[in-house]
Number of protein chains: 2
Amino acid sequence: MEKVYVIGAGMSSFGYYPDRNLVETARDTVWEAVKSSGINPKEIGMIFSSHMGRGGTFGQRVCAQLGLTGGTIVNCENACASGGTAIFLARMAIASGACDMALVLGAEKMTAIQGFIPPDPADYNGSVGMVIPAGFAMIARTHMEHYGTTPEQIAMVSVKNHANGCLNPRAQFKTPLTVEQILASKIICDPMHIYECCPTSDGSAAVILANEKVARKYCSKPVEIIASTVLTGAYVAVPDRTKSELSTRVAEAAYKEAGVGPEDIDVCELHDPFAITELWHYENLGFCARGEGGRFIEEKKSFIGGQVAVNPSGGLLSKGHPLGATGVAQVCENFWQLRGEAGERQVPNAKIGMAHTMGGPVTGLDAAACSLSILKV
Amino acid sequence: MEKVYVIGAGMSSFGYYPDRNLVETARDTVWEAVKSSGINPKEIGMIFSSHMGRGGTFGQRVCAQLGLTGGTIVNCENACASGGTAIFLARMAIASGACDMALVLGAEKMTAIQGFIPPDPADYNGSVGMVIPAGFAMIARTHMEHYGTTPEQIAMVSVKNHANGCLNPRAQFKTPLTVEQILASKIICDPMHIYECCPTSDGSAAVILANEKVARKYCSKPVEIIASTVLTGAYVAVPDRTKSELSTRVAEAAYKEAGVGPEDIDVCELHDPFAITELWHYENLGFCARGEGGRFIEEKKSFIGGQVAVNPSGGLLSKGHPLGATGVAQVCENFWQLRGEAGERQVPNAKIGMAHTMGGPVTGLDAAACSLSILKV
């Protein structure tokens with residue numbers, strides 16, 4: 001199998017942009033990725049587009065504006081894990097030799113959509129109110145009861161991510177928040193406050209992937225994707241709300257493929273649609289033991305400069321969460337961090353990074369799809 | 001690269017079923033494919049789901065009902081070519097060794113959707129009325145003017161496909177039509193009559209693909225996929241409406257990969273949303289010379305028993321066209337035909353088959369995506 005590298009990245013500002021044309025935004029983002037890599041775009045062998053909105057060959061619409069026509073374009077969707085799934089497919093295509101170079105594009109216009117992830121009609125829990133925020137609120141409450149996790153610890157996740165977002169010119173929010181401000185903000189779903197929930201976001205992201213020969217030709221510091229996994233939830237009643245069986249299983253598979261462990265990860269972009277979700281994933285991804293997530297954030301181990309810098313980009317909470325774009329933007333952030341190009345939010349000496357998303361209708365409190373890539377410079 | 005085979009197939013009845021639950025229909029279809037192949041479904045390595053409707057991890061919803069959880073599921077979309085794209089991805093996954101066996105699932109509920117393929121907002125032609133039926137009506141008119149193709153010849157495509165549909169228990173329409181009835185029916189877009197247009201359809205289809213080792217274990221007569229191609233249109237003004245540059249290019253690539261030519265194809269399921277489209281594709285796929293499509297159907301060369309049996313299933317015109325299901329159902333029909341299991345519509349001595357779909361917003365009269373597979377027993 002061929003090794004696969006990231007050799008270029010582009011990303012729009014994320015934000016509330018109802019008046020922006022998403023095709024044009026995504027076009028500019030693709031072009032930024034192409035220019036940053038120095039490639040001749042005619043060499044792109046396959047294109048994988050990630051977009052959760054209503055079908056209609058979105059990738060083709062974007063690429064047609066740049067003359068990237070004629071080749072293979074595949075549109076894919078896996079809810080919040082759509083972008084990570086597009087990365088997974090592109091890596092598989094290059095690894096297998098089906099092409100030497102691929103473009104991955106992700107974009108979403110959440111401001112144009114209402115009720116984006118409705119409960120699965122077959123999911124009784126969902127139909128009676130167990131929508132995604134309710135599910136995570138129950139995870140928060142259970143974690144607090146089992147492990148003594150405090151509201152202040154959960155709020156600190158949002159403090160950190162908003163502080164990081166202030167350092168990211170492309171983040172949706174660039175205002176620092178305090179624990180007091182967060183805990184005084186509106187309750188969305190007890191115990192979650194509005195400042196502990198990600199915003200409604202529009203935006204796009206793109207990366208160029210290549211095999212080793214092409215990567216070495218164009219890029220002095222390519223970032224290798226040393227593992228990429230996409231798996232589906234167990235779809236059974238979850239015996240323990242304080243654990244994501246799916247994220248844990250995906251992380252174990254990716255660590256095994258990469259030959260590294262959680263202690264080796266320097267920078268991690270993980271799926272934080274809610275503050276509790278990030279705290280929960282510290283444990284699911286193995287950064288700390290079960291029940292230790294509250295202490296992990298309290299001791300600032302996930303801050304830039306800590307044990308593992310989690311969501312230095314600002315994460316979904318502060319950078320924003322345009323669904324199809326999110327997983328691709330995480331790989332952009334890894335690319336910039338591992339190359340030392342992340343400006344004020346640079347994680348010192350970052351060598352190994354991670355991109356993790358988890359999404360889809362929550363059945364019995366686990367998710368439909370989870371993607372995880374590990375990257376290395 | 002591993003060889004890839006079809007070893008099982010399932011398909012629902014296609015039809016106007018607004019009261020049917022699509023997830024349940026698709027679940028039963030997947031189970032039919034699994035049972036027909038004799039596999040242990042736990043061996044399925046990856047699942048590719050094709051669905052054009054609003055996102056939301058459709059494949060997971062279906063597979064969860066069968067306990068097919070935990071593994072890799074990817075949802076993909078490429079307009080009318082969605083099903084063919086899922087076949088392409090599954091074949092790539094098996095060929096590369098990423099898995100030994102894959103399930104491909106396609107489903108759509110067109111009765112639940114209005115205005116399914118809106119004109120691309122960036123397409124000036126589309127915004128002023130060049131929607132898909134208008135585009136094909138212009139192709140019909142141009143073909144008639146350039147080559148003397150007659151309304152009777154075009155209508156004969158629909159006569160043939162409705163006659164074939166009468167022999168297919170799963171087809172939406174099972175009523176024979178005459179040239180006179182068709183030409184007396186309502187004009188949809190001059191010169192196209194309603195009986196020359198495909199209906200609004202709901203339905204699902206599924207196939208099991210496997211590498212050679214697994215195929216030989218479970219299947220006494222596996223059907224090899226000897227080529228599979230997905231490409232995108234040129235997105236430029238089309239100089240000659242009587243030719244699909246995209247379908248022609250895709251066919252040339254697939255013939256090259258398969259090492260066969262159009263003269264070798266015994267059975268062909270091709271994309272016939274309108275009668276003129278099938279006539280046009282006789283030429284695009286190389287079954288006859290440019291301009292000869294009218295004579296080709298008039299001489300019954302595309303009838304069962306003719307030079308190449310085109311759409312023995314009834315095609316989109318008679319079997320129906322649930323978008324995400326169509327490309328997968330074409331592979332089902334090839335599987336049954338090449339194994340001699342097609343009942344009353346069996347094509348004699350069918351050894352090599354083809355599945356072709358083309359779809360997406362029509363810009364300058366060519367399409368966004370085209371998929372083509374060639375199969376051999």
Side-chain angles (χ1 to χ4, degrees), chain A residues 1 21 23-24 46-47 51-61 63-65 67-79 81-82 85 88-89 92-93 95-98 116-118 120-123 229-236 246 249 323-324 359-361 363 367-369, chain B residues 1 21 23-24 46-47 51-61 63-65 67-79 81-82 85 88-89 92-93 95-98 116-118 120-123 229-236 246 249 323-324 359-361 363 367-369:
Chain A
M1 303 292 275
N21 177 321
V23 170
E24 293 174 1
M46 292 190 187
I47 297 172
H51 180 57
M52 233 200 102
R54 207 171 93 160
T57 57
F58 180 82
Q60 282 88 334
R61 293 182 190 210
C63 293
Q65 295 216 355
L68 295 174
T69 57
T72 301
I73 302 183
V74 172
N75 298 278
C76 71
E77 180 269 318
N78 248 346
S82 296
T85 299
F88 169 84
L89 290 174
M92 183 168 78
S96 73
F116 205 64
I117 311 185
D120 184 328
D123 176 7
T229 302
V230 172
L231 294 174
T232 293
Y235 277 85
V236 293
L246 175 57
R249 184 158 45 87
L323 271 66
T363 300
Chain B
M1 303 294 274
N21 178 320
V23 170
E24 292 173 3
M46 291 190 187
I47 297 172
H51 181 57
M52 232 199 103
R54 209 171 92 161
T57 57
F58 180 81
Q60 282 89 336
R61 293 181 189 209
C63 292
Q65 296 215 356
L68 296 173
T69 57
T72 300
I73 303 182
V74 171
N75 297 280
C76 71
E77 180 269 318
N78 247 347
S82 296
T85 299
F88 170 83
L89 290 174
M92 184 170 77
S96 73
F116 205 63
I117 310 183
D120 185 327
D123 175 7
T229 301
V230 172
L231 294 174
T232 294
Y235 275 85
V236 293
L246 174 57
R249 184 158 44 87
L323 271 67
T363 300

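No experiment lies behind these values; they were computed from the predicted model shown. Throughout, protein chains are lettered first and strands after them, A, B, ... in sequence-line order, and every chain is numbered starting at 1.
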A.B. asks: Using non-hydrogen atoms only, which part of A/Ala95 is less than 4.5 Å away from chain B: side chain, backbone, both, or neither?
C.D. replies: neither
A.B. asks: Could you give the distance from CD (B/Glu77) to CD (A/Glu77), rounded to the nearest 0.5 Å?
C.D. replies: 10.0 Å
A.B. asks: Any heavy-atom pair between the side chains of B/Ile73 and B/Thr57 that's under 4.5 Å?
C.D. replies: no
A.B. asks: Report which part of B/Thr72 has an atom under 4.5 Å of a heavy atom belonging to chain A: side chain, backbone, both, or neither.
C.D. replies: both
A.B. asks: Between A/Thr232, A/Leu246, A/Thr85, A/Thr69, who has the most heavy-atom pairs with chain B when the cutoff is under 4.5 Å?
C.D. replies: A/Thr232
A.B. asks: Is the shortest heavy-atom distance from the side chain of B/Leu89 to the side chain of A/Met92 under 4.5 Å?
C.D. replies: no
A.B. asks: If you count heavy-atom pairs within less than 4.5 Å of chain A, which of B/Asn78, B/Leu68, B/Val74 leads?
C.D. replies: B/Asn78
A.B. asks: Let's test your reading of the structure: which of B/Gly71, B/Ala98, B/Cys76 forms the most heavy-atom pairs below 4.5 Å with chain A?
C.D. replies: B/Gly71
A.B. asks: Working to the nearest 0.5 Å, report the span between CZ of A/Phe88 and CG of A/Leu231.
C.D. replies: 8.0 Å
A.B. asks: Holding to side-chain hydrogen bond (donor to acceptor under 3.5 Å, both in side chains), I want the full list of residues that pass it with B/Ser82, two or more places apart in sequence or in another chain.
C.D. replies: none
